[in-house]
Amino acid sequence: MSQMLYNDQIMERDNVIDIEDRGYQFGDGIYEVIGVYDGEPLMMDEHMERLERSARELRLTLPASTSELKSNLEKLVEANGLEEGIIYMQVSRGIASREHGFPASQTPAVTVAYTREEEREPDVEDQGATAVLAEDIRWLRCDIKTLNLLPNVMAKQKAVENNAVEAILHRGGTVTEASASNVFMVTGGELYTHPADNYILNGITRRKIIQLCDELNINVNEQTYTVDDLLNADEVFVSATKMDIIPILKIDDQTIGNGKPGKITKQILQQFRSLYEVGARNKA
Ligand code: PDD
């Protein structure tokens with residue numbers, strides 16, 4: 001049995017969540033998923049900063065400082081001897097009698113953090129996959145990483161039922177992101193992705209890709225584009241923690257570009273891999 005974190009306590013994983021935890025009752029909480037490569041969490045500080053922002057936007061006080069949270073998560077990775085996989089961490093507004101309004105005295109808690117072993121899937125990254133389109137029916141604060149994921153769940157299920165890796169979401173014809181990843185398209189040698197506003201989650205992988213493109217001299221346009229633009233793009237890819245970068249070769253029935261992973265996508269993927277491959281080499 002692997003170990004989990006409950007607040008700052010590392011314990012056996014069979015611990016149960018209180019039935020009146022607000023995360024359980026209302027989805028009143030936030031979360032992060034952090035990739036672990038070769039025993040090292042990747043971009044942990046960026047994930048902690050985003051957690052802090054999500055908390056602030058929901059007027060939720062984190063139960064500990066981000067440096068304490070970070071150190072507890074590192075202890076958890078060590079306790080579980082995790083080499084390759086993810087850390088899942090969730091913070092809720094705490095336990096209180098079920099009333100929609102905030103409890104008079106809030107006791108936010110790290111209701112759980114656990115690790116999961118997950119092999120990398122370099123074949124999918126190298127060969128690409130397909131996606132489906134789905135309407136974006138989420139609320140208007142998609143920038144907050146909350147526990148409320150039902151629209152994302154429904155969209156992802158559509159992808160699963162169509163043997164696709166992702167459901168790419170659009171709001172009134174404008175592409176936003178995907179059910180659990182960000183979306184990029186390449187047209188005329190330049191990258192396009194939805195701006196980091198309230199309509200998308202500003203992915204940690206997305207931000208890193210934008211930074212890497214600067215090093216690669218690839219122009220990135222953070223601007224909106226339509227489903228039509230997407231279907232006529234030269235290249236499309238999605239990005240998220242641990243999924244990293246997956247080229248999208250077909251969306252619904254439409255082949256993207258020449259139906260193979262594109263040159264720019266491959267360039268970015270290679271640069272992204274060097275982030276953790278260098279880490280692995282340094283450790284060896
Ligand atoms: N999802 N957009 C949405 C809606 C997401 O759920 C995610 C990540 C991303 C990419 O963010 P990042 O690069 O920081 O992982 C974008 C995580 C992995 C999940 O819910 O499992």
Side-chain angles (χ1 to χ4, degrees), residues 23 27 29-37 41-54 57 66 73 84-91 112-118 120-121 124-125 131-160 165-171 174-185 191 193-213 220 222 224 236-246 248 268-269 271-273 275-276:
I30 53 180
Y31 77 105
E32 280 295 328
V33 180
I34 304 153
V36 175
Y37 298 83
L42 191 69
M43 300 185 276
M44 173 76 105
D45 288 340
E46 288 86 344
H47 282 281
M48 289 300 106
E49 268 167 40
R50 185 171 65 187
L51 183 79
E52 210 167 24
R53 178 183 184 278
S54 294
E57 294 300 315
T66 50
L73 293 179
E84 203 62 37
I86 54 124
I87 308 169
Y88 174 85
M89 171 197 210
Q90 151 173 338
V91 178
V112 71
Y114 61 83
T115 62
R116 187 166 79 197
E117 277 180 46
E118 229 171 71
R120 298 203 43 249
E121 293 190 58
V124 188
E125 293 168 9
V132 293
L133 288 168
E135 214 176 307
D136 193 342
I137 58 166
R138 300 172 300 161
W139 74 331
L140 299 177
R141 290 306 306 272
C142 302
D143 54 313
I144 307 172
K145 204 161 171 61
T146 83
L147 301 177
N148 296 275
L149 291 175
L150 209 40
N152 308 61
V153 167
M154 299 309 283
K156 186 67 145 204
Q157 184 58 20
K158 182 178 178 189
V160 171
V165 73
E166 257 299 15
I168 296 180
L169 307 176
H170 59 92
R171 214 184 266 273
T174 296
V175 176
T176 49
E177 56 179 336
S179 74
S181 56
N182 291 113
V183 179
F184 291 80
M185 71 167 191
L191 215 56
T193 194
H194 195 287
D197 56 18
N198 59 310
Y199 292 105
I200 69 158
L201 181 78
N202 189 1
I204 304 298
T205 322
R206 175 188 180 279
R207 298 179 211 186
K208 184 52 85 178
I209 289 169
I210 293 172
Q211 207 180 316
L212 294 177
C213 281
V220 183
E222 292 186 70
T224 56
V236 172
F237 65 87
V238 290
S239 75
T241 295
K242 212 58 191 172
M243 171 196 268
D244 295 347
I245 292 165
I246 298 186
I248 298 299
I268 298 169
L269 176 59
Q271 195 81 349
F272 191 86
R273 281 179 174 162
L275 293 176
Y276 52 84

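All residue numbers in this chain count up from 1 along the given sequence. In this text the structure is predicted, and so the values were computed from the model without any measurement. Order of listing sets the numbers, starting from 1, for every ligand and every atom in it.
Here Asn152 has side-chain heavy atoms under 4.0 Å from ligand 1, and that is the only part of it that gets that close. Only the backbone of Ser179 comes within 4.0 Å of ligand 1, counting heavy atoms alone; no side-chain atom from C-beta on gets that close. At a heavy-atom distance under 4.0 Å, only side-chain atoms of Lys145, from C-beta outward, approach ligand 1.
Annotation for ligand 1: atoms under 4.0 Å from non-hydrogen atoms of Tyr31 are 6 (O), 19 (C), 20 (O). Here is the list of ligand 1 atoms found below 4.0 Å of a heavy atom in Asn182: 10 (C), 16 (C). Each of the atoms 10 (C), 13 (O), 15 (O) of ligand 1 lies under 4.0 Å from some heavy atom of Ala240. Ligand-side atoms of ligand 1 in range of Thr241: 12 (P), 13 (O), 14 (O), 15 (O), range being under 4.0 angstrom from any heavy atom. Shown in contact with Thr205 at under 4.0 Å from a heavy atom are these atoms of ligand 1, numbered in order with element: 12 (P), 13 (O).
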Criterion side-chain contact (heavy atoms from CB on, under 4.5 Å) on Val175 and Tyr199, from CA distance to verdict: CA-CA 10 Å; Val175 176; Tyr199 292 105; over 6 Å; no
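Between the side chains of Glu166 and Ser179, at least one donor N or O sits under 3.5 Å from an acceptor N or O. The closest side-chain donor-acceptor pair between Thr176 and Asp136 falls under 3.5 angstrom. Under 3.5 Å, the side chains of Arg120 and Tyr276 contain a donor-acceptor pair of N or O atoms.
Residues forming a ring-ring contact (aromatic ring centres under 6.0 Å, His included) with Phe272 (at least two apart in sequence, or on another chain): none.
Summarising the local packing, CZ of Arg141 is surrounded by more than 12 heavy atoms from other residues, nucleotides or ligands at distances under 6.0 Å.
Closest to atom 7 (C) of ligand 1 by heavy atom, among Ala180, Gly203, Pro151, is Ala180. Summarising the contacts of atom 2 (N) of ligand 1 with Arg138, Arg50, Met43, Glu177, the nearest heavy atom is found in Glu177.
A distance of 11.0 Å separates CD in Gln90 from CG in Leu51, rounded to the nearest 0.5 Å.
Between Glu118 and Glu84 there is no side-chain heavy-atom pair separated by less than 4.5 Å.
The shortest N/O to N/O separation between Leu149 and ligand 1 does not fall below 3.5 Å.
Of the protein's non-hydrogen atoms, Val33 CG2, 3.6 Å is the one closest to atom 21 (O) of ligand 1.
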